[in-house]
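As the structure is a prediction and not an experimental result, all values here were calculated from the model.
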Amino acid sequence: MAEQSMEPVEGADAPGGRLRVFLVDDHAMFRAGVRAELGAHVEVVGEASTVAEAVTRIAVLQPDVVLLDVHMPDGGGRAVLDAMRRTHPQVRFLALSVSDAAEDVIGLIRAGARGYVTKTISPDELTAAIRRVADGDAVFSPRLAGFVLDAFAARPDAPVADPELDQLTNREREVLRLLARGYAYKEIAKELFISIKTVETHVSNVLRKLQMSNRYELSRWAADRRLV
């Protein structure tokens with residue numbers, strides 16, 4: 001993949017007046033797919049696979065919108081937002097994730113993201129979402145909007161702090177959620193772009209941390225917390 005220029009370009013005055021978009025995701029194949037789908041509609045000015053790389057390159061390139069994965073090593077999308085929102089408030093962030101969990105959605109919005117959509121979104125819908133976020137709107141996949149409304153209305157059934165859940169890493173939560181939905185290890189590995197061995201390790205860690213003995217107990221536990 002060709003290296004992007006590190007020279008900053010001012011706002012939406014890029015060639016053709018197209019919006020300048022930066023991709024943050026730790027899966028190269030996914031980034032390549034997004035770049036190919038969006039290339040005719042926006043200017044993809046750069047990409048990053050780690051939090052540190054994202055923070056550095058966003059600061060230099062100053063894109064209009066950053067498409068931000070939620071679950072990556074070293075803190076994921078939340079860490080990028082925490083590092084950038086005070087120093088570069090003009091850059092807008094749109095979370096693009098495989099996760100549709102309430103705690104992920106609410107955590108990213110509270111950290112400063114202007115929207116949250118899942119990776120099942122179509123290219124045309126994603127392009128429209130990027131433009132809306134660039135214009136200052138808030139954008140959510142339909143099911144996710146309810147999570148945000150519940151949380152900020154402080155309704156009794158809104159997600160609250162959960163000491164047991166807080167023990168788990170973001171990736172462990174993601175694996176747990178898919179496991180509770182009935183996915184086999186092979187299907188989880190394919191969905192999350194990780195190996196079956198890595199899935200097994202995550203499940204083992206979750207079982208140990210929650211002091212459970214099998215996936216059926218985990219599924220009931222996840223259902224009780226509305227993680228499924």
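For the pair Ile58 and Pro63, the minimum side-chain heavy-atom distance is below 4.5 Å. Here the side chains of Ile130 and Leu38 are in contact, with some heavy-atom distance below 4.5 Å. With a 4.5 Å cut-off on side-chain heavy atoms, Val24 and Phe93 do not count as touching.
Under the rule for a side-chain contact (heavy atoms from CB on, under 4.5 Å), the partners of Ala59 that lie at least two apart in sequence or sit in another chain are Met84, His88. Taking the side chain to side chain donor-acceptor pair (under 3.5 Å) definition, one finds that Thr201 meets it with nothing, sequence neighbours left out. With sequence neighbours left out, the side chain to side chain donor-acceptor pair (under 3.5 Å) criterion links His71 to Asp104. Under the side-chain contact (heavy atoms from CB on, under 4.5 Å) criterion, Asp82 pairs with Arg78, Arg85, Ala111, sequence neighbours left out. The salt bridge (charged side-chain N to carboxylate O under 4.0 Å, His left out) check on Arg215 picks up nothing, with sequence neighbours excluded.
In terms of heavy atoms, Arg173 sits closest to Leu168 at NE-O, 3.5 Å. Here the closest non-hydrogen pair linking Val45 and Leu61 is O-CD1, 3.7 Å. The nearest pair of heavy atoms linking Lys119 to Leu96 is CE-O, 3.5 Å.
Screening Leu23, Val80, Asp26 for a side-chain contact (heavy atoms from CB on, under 4.5 Å) involving Asp69 leaves a single residue, Asp26.
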Check: residues 190-200 side-chain donor-acceptor pairs under 3.5 Å, at least two apart:
residue	atom	partner	partner atom	Å
Ser195	OG	Thr198	N	3.0
Ser195	OG	Thr198	OG1	2.8

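In this structure, a donor-acceptor pair under 3.5 Å is present between the side chains of Thr120 and Thr118.
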